[in-house]
Amino acid sequence: MPFTLATWNINSVRLRETLVHKLLTEEAPDILCLQECKSPVEKIPLEGFAALGYPHMIARGQKGYNGVAILSKLPLEDAGGLDHVELGHARHVAARLENGVVIHNYYVPAGGDEPDREKNVKFGQKLDYLTQMRDAFRAERPEKAILVGDLNIAPREDDVWDHKKMLKIVSHTPTEVEHLTAAQEAGAWVDVTRKDIPEGPLYSWWSYRAKDWEAADRGRRLDHVWATPDIAGAAHSSRVLKAARGWEKPSDHVPVFATFDL
DNA sequence: ATGGTTGAAACTCAA
């Protein structure tokens with residue numbers, strides 16, 4: 001049974017409930033992974049999602065910040081949530097499908113503005129978070145798994161609007177890319193989006209601060225879909241829904257999709 | 001070098 005999955009940093013699931021409805025109605029992925037829900041789990045508006053055919057949800061939440069949720073047409077089993085770096089943040093949740101595939105949904109710390117762990121605690125926490133992801137994949141090599149989310153790093157030169165200008169900007173520093181790559185390699189994760197679309201910009205985030213985000217097009221690819229090698233070959237039809245950045249009261253991130261024939 | 005915008009929640013922090 002093929003299924004389509006989407007990942008979207010929604011930047012408040014309650015404020016943008018109707019945008020989630022729009023995505024579920026117009027694009028109808030089987031599974032939607034959300035980040036930055038900014039809500040306790042019990043305040044996520046489930047009724048509307050269920051009415052649109054998404055009765056299943058596995059989530060971790062907290063008041064005001066962070067928060068990750070997996071909405072699904074298909075039954076899900078809770079497969080845990082990790083608190084890397086012991087920040088007490090809701091940044092990871094995992095769910096198992098009936099076919100055994102595990103979906104990991106991550107919201108990696110943004111890391112603040114200064115890319116120096118001596119001056120900026122948050123940058124150190126981001127690097128440590130990625131190292132603990134690496135160590136978890138080393139301790140138990142994932143199989144039949146998909147990893148999605150806002151990883152808050154644009155790893156490749158063509159994942160940012162200007163590679164040279166971005167080298168000292170948090171999200172594209174060589175240190176961050178090394179840490180992300182180490183986590184990726186520890187799980188042998190395949191970058192599904194880049195497997196499907198090897199070349200060119202595929203931005204998933206544009207700042208709210210630009211006067212005209214579309215004209216400036218200073219985007220970054222921060223949102224990712226990875227899969228373990230045993231199922232990566234089943235992935236196809238990756239796409240980024242850039243139009244969602246132009247929706248009314250948009251998130252600063254747009255959904256990224258992939259389909260798996262499993 | 002600086003400021004630009006948004007959200008949650010509370011009179012400020014995080015992104």
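Throughout, protein chains are lettered first and strands after them, A, B, ... in sequence-line order, and every chain is numbered starting at 1. Side-chain atoms are counted along with the backbone in the values below, which use heavy atoms only and exclude waters and symmetry mates.
Taking atom C1' on both nucleotides, B/dA9 is separated from B/dA14 by 12 Å, rounded to a whole Å.
A/Arg221 has a carboxylate O that lies under 4.0 Å from a charged side-chain N of A/Asp191, or vice versa, which qualifies the two as a salt bridge.
Between A/Arg16 and B/dT6, a side-chain N or O to OP1/OP2 separation shorter than 4.0 Å is absent.
Outside the 6.0 Å centre-distance limit, the rings of A/His236 and A/Phe260 are not counted as a close aromatic pair. Ring centers of A/Trp213 and A/Tyr208: at least 6.0 Å apart, outside the cut-off.
Using a 4.0 Å heavy-atom distance criterion, A/Lys249 is classed as a sugar-phosphate-only contact.
Tested against A/Gln35 for a side chain to side chain donor-acceptor pair (under 3.5 Å), the candidates A/Asp150, A/Asn152, A/Asn11, A/Asn105 yield a single pass: A/Asn105.
Nucleotide B/dA9 holds its P atom 11 Å from the CD atom of A/Gln62, rounded to whole Å. What separates CD1 of A/Ile10 from C1' of B/dG7 is a distance of 12 Å, to the nearest Å.
For A/Arg220 and A/Trp161, the positive end is not near the middle of the six-membered ring at less than 6.0 Å and at most 45° from its axis.
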Exercise. Taking protein heavy atoms under 4.0 Å as touching, what does nucleotides 10-15 of chain B look like 5' to 3' if B marks base contact, S marks sugar-phosphate-only contact and - marks none?
Worked result: S--BSB
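Side-chain atoms of A/Phe257 and A/Leu241, non-hydrogen and from C-beta on, do get closer than 4.5 Å to each other.
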